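Below is one structure, written out as structure tokens, with a few remarks after it.
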Amino acid sequence: MSIALSEQEILRRESLQQLRDLGINPYPAEAFDVTAFAQDIKDNFESNPDTYKHVVLAGRIMSRRIMGSASFAELQDSTGRVQIYLKRDDICPGEDKTLYNTVFKKLLDLGDYVGVKGYVFLTQTGEISVHVQEMSILSKSLKPLPVVRRDDEGNIHDAFTDPEMRYRQRYVDLTVNPEFKQIFINRSKVISSMRDYFNTEGWMEVETPILQPVHGGAAARPFTTHHNTLDMQLYLRIANELYLKRLIVAGFDGVYEFGKMFRNEGMDRTHNPEFTSVEIYVAYKDYIWMMAMVEACLEHVTRAVHGIPVVQVGENEINFEGPYEKLSMYDSILKYTGIDVSAMDETALRKTCTDLAIEIDNTMGKGKLIDEIFSAKVEANLIQPTYITDYPIEMTPLAKKHRSKEGLVERFELFVNGKEIANAYSELNDPIDQRQRLEEQLVLAGRGDEEAMAMDDDFLRALEYGMPPTSGLGIGIDRLVMLMTNQHTIQEVLFFPQMRPERKAKVVTADDFIKIGVPAEWVPVLNKMGFNTIEELKAANPNKVFNDLGGMRKKLKLDITMPAKEIVMAWFE
RNA sequence: GAUUCCGUAGCUCAGCUGGUAGAGCAUAACACUUUUAAUGUUGGGGUCCUGGGUUCGAAUCCCAGCGGGAUCACCA
């Protein structure tokens, strides 16, 4: 709790107490069953007025226009806002006008939850409104929300836009900027439609460990933690690939998992330390099959979100209907740079990078150098969904060697709008080859590559028992959602993006002040005067503090007893 | 991590070459029975992010720190 309450917060707490004094519970326990929603009323009242003669709805009061004994307010529920009309003598049919004159006009604040019963009608200006016959308080709001106003043209005034506050206090953001809720509704549709697609195909949703003794399956720095009972180091997973493959070894034909991954790396517009991915593995398939599956799946997802297979992303209209363009890694570099890197050795690649003004360092192997060229020169050109296929073996230790092309693996990545969205292999199931490839990763690690993949002996043991030919796919859900919702920062598609901790207010409990003899009712006054710790108080001049207490008492019109001077002096001993 | 911009009332923002801190909304009081960015009148509300420095005097200038944004780097 913050130390000094703002004027408005103090007033709201006083209103809360006055409600209680009137015998009104500001936080009632009873259920309040609604029968109507704002959006439905606005959409359907005019075509079907008879069904809105008795409505019950609930939500926050978001604006009020009080005109004597009648008032308009806007009620916001989960679907939107609808205007409500309150007339004193309607909600207070008897002599007692307290509910209107005191409760509604004085003690309610913007942001309070109320429940209303009444009927829908059209005002003289033609706005669909609810004529309230009964009103009850469902929850009192003690902190004022930012007020965002909209005029007739829909222009927003005093918008609540500070990204820091929007991300730290997402509950405020989505309350006053409800249009952002659609991003998260669409996020949910992306995941649920994809899950539907997988389930319809007969593949099984599974869960695998997040706490892993070996961080395998991807190349990234992990978060490290410690288990006390086992007294062992554990990692938050950077990928779940190796566990899902163990389940293919176990005899499932298709398994998939939606889940959080954790990578201890930089944060920016497209990276959050924890992010969501889906991985799916299907036995007896290869990466050619997987391409067709991805096309069907993403078209299904796009239709689920937008109703059509096309989505507008910035300037670009992106069509998720398959089939997508396919380019091999080498051909894509040839296409966009005119350089054929397919036969180059490491030395030649280094020279090519230098010629193209691409920064490199000594830890980079052949695969990484090619990837640098690709990232710098090709990626941004891949706007419509495009498969980049057949990667150099050095950068892909978990994929099967290409069936016909030497030095390559059966892998594709799907690029959309210049960004990687999906990654898939014909999975490596030759245990001896797999062991060698992981050993090569250890060499890279020895050269200083912090992200080289770790050895996982249990995974190799599983492969030795035999894994059927399998194709696997990973999709970054956050980036897919960014595409589907036309957002260009990952923070906009995460409810609670990672932030640095807020600066802590210097917190001191009232007890500390009470212990040195300060009467409880004077503690907030001292806080208001800037004394938030005992040390700060004791550093002050006792006579000045005593005088200022009197001044504050007068200024704040406090109805509390002034402590005697000796008592104040005693605080300083 | 680098560069750069920003941090002032509950919110959105002004605040010039340093001289008693401002507006709109919100809030409080009064008026008002179909308003709608309601209106009219009158009030209250501030750790100018934090800590140093320069100065007679700092929201303003300088330094450091904290937090955020953008760009870049990193991130297959």
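In this text, all values refer to a predicted model and were calculated from it rather than measured experimentally. Residue numbers begin at 1 in each chain, while the letters A, B, ... track the order of the sequences.
- As a whole-Å value, the separation of A:Asp89 CG from B:U33 P is 11 Å.
- Qualifying side-chain hydrogen bond (donor to acceptor under 3.5 Å, both in side chains) partners for A:Tyr324, counting only residues two or more places apart in sequence or in other chains: none.
- Look at the P atom in both B:C13 and B:G19: the space between them is 24 Å, to the nearest Å.
- Taking atom CG of residue A:Leu398 and atom P of nucleotide B:A76, one finds them 13 Å apart after rounding to whole Å.
- Distance from the side chain of A:Glu413 is smallest for B:A76 among the nucleotides B:A76, B:U33, B:A28.
- Among pairs with a residue in residues 385-402 of chain A, those fulfilling salt bridge (Lys or Arg N to Asp or Glu O under 4.0 Å) read A:Asp390-A:Lys405, A:Lys401-A:Asp433, at least two apart in sequence or across chains.
- Distance from the side chain of A:Arg269 is smallest for B:U71 among the nucleotides B:A76, B:C25, B:U71.
- When the side-chain nitrogen and oxygen atoms of A:Lys143 are compared with OP1 and OP2 of B:U27, none of them lie within a distance under 4.0 Å.
- By the side chain to side chain contact (heavy atoms under 4.5 Å, CB included) test, A:Ala380 pairs with no residue at all, sequence neighbours left out.
- B:A26 atom C1' lies 13 Å from atom CD of A:Glu9, rounded to whole Å.
- Distance from the side chain of A:Arg221 is smallest to B:C74 among B:C25, B:U33, B:C74.
- As judged by a 4.0 angstrom heavy-atom cut-off over every strand, A:Phe121 is placed among the base-contacting residues.
- When the side-chain nitrogen and oxygen atoms of A:Arg500 are compared with OP1 and OP2 of B:G68, one or more of them lie within a distance under 4.0 Å.
- Atom pair A:Asp90:CG and B:U34:P shows a separation of 13 Å (rounding to whole Å applied).
- Separating the C1' atom of B:U54 from that of B:U60 is a span of 13 Å, rounded to the nearest Å.
- Residue A:Met62 is out of contact with every strand shown, counting any heavy-atom pair closer than 4.0 Å.
- Base pairing analysis places B:G18 opposite nothing; no Watson-Crick or G-U wobble pair with both distances below 3.5 Å involves it.
- The closest donor-acceptor contact from the side chain of A:Gln434 to the backbone of A:Pro397 lies under 3.5 Å.
- Checked against side chain to side chain contact (heavy atoms under 4.5 Å, CB included), A:Gln133 has the following partners two or more places apart in sequence or in another chain: A:Tyr119.
- At least one side-chain heavy atom of A:Pro178 sits less than 4.5 Å from a side-chain heavy atom of A:Gln76.
- Distance NE2 (A:His157) to P (B:C25): 12 Å, rounded to an integer number of Å.
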Between protein and nucleic acid, restricted to nucleotides 38-42 of chain B and to nitrogen or oxygen atoms under 3.5 Å apart, what atom pairs and distances do you find?
unit_1, atom_1, unit_2, atom_2, d
B:A38, OP2, A:Arg65, NH1, 3.1
B:A38, N6, A:Ile66, O, 2.8

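- The base of B:C74 is paired with the side chain of A:Asp268 by a donor and an acceptor separated by under 3.5 Å.
- Regarding A:Leu108, its CG atom lies at a distance of 12 Å from the P atom of B:U27, rounded to whole Å.
- Atom pair A:Ile10:CD1 and B:A9:P shows a separation of 17 Å (rounding to whole Å applied).
- Among the protein residues, A:Gln8 comes within range of the nucleic acid bases, having at least one heavy atom under 4.0 Å from a base atom.
- Mapping A:Gln124 and A:Asn423 onto RNA chain B by nearest heavy atom places A:Gln124 closer to the 5' end of the strand.
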Item to check | Residues A:Arg88, A:Asn101; criterion side-chain hydrogen bond (donor to acceptor under 3.5 Å, both in side chains); working and verdict | outcome: CA-CA 8 Å; A:Arg88 183 185 61 203; A:Asn101 286 341; 4.5 Å; no

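- For NZ of A:Lys419, the number of neighbouring non-hydrogen atoms (other residues, nucleotides, ligands) closer than 6.0 Å is 12 at most.
- Taking atom P on both B:C63 and B:U4, the two are 11 Å apart, rounded to the nearest angstrom.
- Across all strands, A:Lys106 comes closer than 4.0 Å only to sugar-phosphate atoms, never to a base (heavy-atom distances).
- Here the separation of B:A26 from B:U41, taken at their P atoms, is 14 Å to the nearest Å.
- Between A:Asp162 and A:Arg411, the residue anchored closer to the 5' end of RNA chain B is A:Asp162, taking for each the nucleotide with the nearest heavy atom.
- Within the 3.5 Å criterion, the main-chain N or O of A:Cys92 finds no donor-acceptor partner in the side chain of A:Tyr100.
- Going from the C1' atom of B:U27 to that of B:G45 covers 8 Å, rounded to whole Å.
- Atom name C1', nucleotides B:U71 and B:G44: the rounded distance is 44 Å, in whole Å.
- A:Arg88 comes within 4.0 angstrom of no nucleic acid atom, judged by non-hydrogen atoms across all strands.
- Scored by the salt bridge (Lys or Arg N to Asp or Glu O under 4.0 Å) test, A:Lys87 finds no partners at all (sequence neighbours excluded).
- Across all strands shown, B:A28 forms a Watson-Crick or G-U wobble pair with B:U42, both key distances being under 3.5 Å.
- Closest to the A:Ala70 side chain, of the nucleotides B:U35, B:A28, B:U33, is B:U33.
- Pair check for B:A2 finds B:U71; Watson-Crick or G-U wobble, both atom distances under 3.5 Å.
- A:Phe160 comes within 4.0 angstrom of the backbone, heavy atoms only, and of no base.
- The base of B:U34 lies outside donor-acceptor range of the side chain of A:Glu127, with no N or O pair under 3.5 Å.
- Nucleotides B:G7 and B:C49, compared at atom P, are 8 Å apart to the nearest Å.
- Between the side chain of A:Glu7 and the base of B:G44 there is at least one donor-acceptor pair of N/O atoms closer than 3.5 Å.
- As rounded to whole Å, 10 Å separates atom P of B:A76 from atom CZ of A:Arg479.
- For A:Asp158, counting side-chain heavy atoms from C-beta on, the closest listed nucleotide (B:C25, B:U33, B:A26) is B:C25.
- Taking the ring axis of A:Phe495 as reference, the NZ or CZ atom of A:Arg170 does not stay both within 45° of it and closer than 6.0 Å to the ring centre.
- Rounded to a whole angstrom, the distance from the P atom of B:U12 to that of B:U55 is 37 Å.
- Side-chain nitrogen and oxygen atoms of A:Gln491 include at least one within less than 4.0 Å of the OP1 or OP2 phosphate oxygen of B:G69.
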